[in-house]
Amino acid sequence: MDFESIAPGVLTESDYRNYDKGFSYPIPDDWFFPFESLSTVRVFDSEDKKFKPYRMRCSIKTMVLVGCEDNAGCTMYSQWVSPATLDISYEEIALEQAFVTVDGDKYLFANGKDASRFYDLLETRNRLIDSFAKSGVEKCFELSDSLYDAGLSEAIGNFLDMLPSQMIEDFLVERAFFFYISRADLTSDAYYHFNDEQAGDCRALLLNGNNMEIFDSAKELFENLRTVIVDELDVDSSLSTLTTYLLIRRGAMDRMAPKWTADHDRASSSDDMEDFVEKAALGGEVMTSDLDSMATLTYYLMSKGWFGHDPFVLSFSSTYALVQAGEEKKKHNLFRNQLFRKDSEKSSAECVSIDDVDLMSGDEFEDCVCRLFKRMGYSAHVTQHSGDQGVDVIAEKGTAKLAIQAKCYGSAVGNSAVQEAAAGMAYYGCNKAMVVSNSTFTKGASELARANEVVLWGRDVIKQKLLDYPVEK
């Protein structure tokens, strides 16, 4: 923009303070259009359905409209302020006339040069704000890393103990809460900007009555932590929201990433993330339908630096796409194997299907689950039926020792199965508890499992596993 064509502003920083909340980045000397240089601009009034005349004064930070309606000598002021970048467009409609649209509001200029200058100023403003916001994001990362490494890691671990577990383990809940955080200020929005569809989904989840208690608790805890960071650690309030989130992100990675290697006995020795995830998907270590393993893998990949500074929501989406590609490759491999199988090989009719499982007794299902885990590479055995302490199958592979309860149900599995599996894990000296069922799980069972880190395999998971690792009848 040609700044020489714009006179230095007469409105000072203090003049804007009352209506420039949230715009706390360093702004260059203010610039504005003098009244004398502008022809009358007409602004569309959506209520009266007509354009009304105004005089305009515009700066990097503020637009002021001064208008007189019906020649009554009554002056009306309107201040336009936004700390975010603006959606702008320019449309020439006739000789020396042009529309400039700003976030949906139309401004009609009789003088095309004024319209062009107004549009150029807004473009410059957008570039400045974008630059300020990106600088703010970088500063937040520096702050969060220095604070965490300087000894705040233990406090963040304590905070995670207080935070509802869904906030770091459930993708949809975490995404909705991060949406709430991102709306707080320009820096947080610049770190990750939600599109309209994502924003709509997040708002719906935030307003869902079933989730209100979780979100209200998380909001209060988050705000308390942010306040401590501002008041006791001397972090600028304009950077405090994103800095707080990044501290939680770092703590969540440190807590969740080790679970991947503990559960799967495999760390990455590859520099190729796509190859690593594909092998995990082909080996049945992770499935898109198993959100717990998806979250654990995502945090593991984040801890390896494979997603850079991306937030969990974006990293999860990338992981999901990679796992989905691996699943498609697995399906193709299975199809190809069936297509070219020899007559001597077992047909699918000779293998257990989910329909066969539905007809099994409890003992038969336990045996089926045991044989399934053997097909998956585990050493496994069925426990004695009397005094089994709530565990039906013990499966071991590497450092992983699983306590598995098998439930062949015709209705949803409830809390007791989760409680028994968790208790049995300690009894048998296992490091992971699971409940495997041909049915679904109640909401209470799912919440209890999440709180106690019990893995749930429902109907969709067991159906897919039987396809991936056929078990003979």
Side-chain angles (χ1 to χ4, degrees), residues 1 3 13 16-17 19-31 58-63 80-89 102-103 119-150 152 174-175 177-199 202 222 225-226 229-230 233-253 298 301-318:
M1 179 179 180
F3 280 103
E13 184 78 20
Y16 297 121
R17 201 173 300 280
Y19 49 86
D20 240 3
K21 294 177 180 177
F23 204 122
S24 56
Y25 302 96
I27 301 297
D29 291 340
D30 213 54
W31 305 86
C58 185
S59 74
I60 293 292
K61 297 171 65 178
T62 307
M63 181 179 72
W80 157 68
V81 178
S82 173
T85 54
L86 303 166
D87 182 17
I88 58 176
S89 64
V102 184
D103 285 348
Y119 182 81
D120 287 346
L121 178 72
L122 296 181
E123 276 198 321
T124 300
R125 179 186 188 278
N126 279 352
R127 288 195 297 271
L128 284 170
I129 291 174
D130 187 57
S131 176
F132 298 150
K134 289 178 180 177
S135 296
V137 171
E138 293 175 2
K139 181 62 176 176
C140 288
F141 268 99
E142 292 173 5
L143 281 169
S144 62
D145 285 341
S146 64
L147 291 171
Y148 195 88
D149 294 336
L152 201 60
E174 206 276 355
R175 184 180 71 162
F177 189 68
F178 181 59
F179 168 75
Y180 159 77
I181 293 171
S182 73
R183 312 299 287 180
D185 53 48
L186 181 60
T187 314
S188 302
D189 183 70
Y191 176 49
Y192 183 77
H193 181 75
F194 287 78
N195 62 38
D196 291 342
E197 181 179 358
Q198 292 171 328
C202 291
F222 185 90
L225 179 59
R226 190 194 69 81
I229 289 171
V230 172
L233 301 177
D234 200 28
V235 173
D236 190 283
S237 61
S238 67
L239 304 175
S240 61
T241 298
L242 183 56
T243 300
T244 302
Y245 171 79
L246 294 177
L247 284 165
I248 298 171
R249 173 184 180 273
R250 176 83 179 271
M253 282 194 294
T298 299
L301 298 176
M302 290 170 66
S303 73
K304 301 292 289 185
W306 272 335
F307 292 125
H309 285 166
D310 287 350
F312 173 75
V313 292
L314 187 56
S315 301
F316 185 95
S317 297
S318 300

- Check whether any side-chain heavy atom of L233 lies under 4.5 Å from a side-chain heavy atom of L152, and answer yes or no. yes
- Message: Let me confirm one number: the OG1-CD1 distance from T244 to I181, rounded to the nearest 0.5 Å.
- Response: 8.5 Å
- With a 4.5 Å heavy-atom cut-off, do F222 and T241 have their side chains touching? yes
- Task: Look only at the side chain of D87 and the backbone of D103, and say whether a donor-acceptor pair between them is shorter than 3.5 Å.
- Result: no
- Note on the structure: Sequence neighbours excluded, the answer for ring-ring contact (aromatic ring centres under 6.0 Å, His included) partners of Y148 is none
- Message: Looking at D149, I want to see if its CG is surrounded by more than 12 non-hydrogen atoms of other residues, nucleotides or ligands under 6.0 Å.
- Response: yes
- Query: Hey, mind stepping through L247 and L225 against side-chain contact (heavy atoms from CB on, under 4.5 Å) and telling me if it holds?
  - Reply: CA-CA 10 Å; L247 284 165; L225 179 59; 5.6 Å; no
- Contacts of F307 that satisfy ring-ring contact (aromatic ring centres under 6.0 Å, His included) - sequence neighbours left out: none
- Task: Check side-chain hydrogen bond (donor to acceptor under 3.5 Å, both in side chains) between H193 and all other residues, then give those that pass, not counting sequence neighbours.
- Result: D189
- Residues in ring-ring contact (aromatic ring centres under 6.0 Å, His included) with Y245, at least two apart? F178
- Looking at side-chain heavy atoms only, is the closest gap between L143 and I229 below 4.5 Å? no
- Item | Closest heavy-atom pair and its distance - T243, C140 | OG1-SG, 3.5 Å
- Message: What I'd like to find out is whether the side chain of M302 reaches to under 4.5 Å of the side chain of F312, using heavy atoms alone.
- Response: yes
- Task: Supply the atom-to-atom distance L246 CG to L239 CG, rounded to the nearest 0.5 angstrom.
- Result: 10.5 Å
- Do the non-hydrogen side-chain atoms of R175 and F194 ever get within less than 4.5 Å of each other? yes
- Task: Please list all pairs passing the salt bridge (charged side-chain N to carboxylate O under 4.0 Å, His left out) test where one or both residues lie in residues 135-147, with sequence neighbours left out.
- Result: D145-R250
- d(H309 NE2, S315 OG) to nearest 0.5 Å is 11.0 Å
- By side-chain hydrogen bond (donor to acceptor under 3.5 Å, both in side chains) - contacts of R226 (at least two apart): E223, S240
- Message: Would you compute the distance between atom OG of S182 and atom CZ of F177 and round it to the nearest 0.5 angstrom?
- Response: 11.0 Å
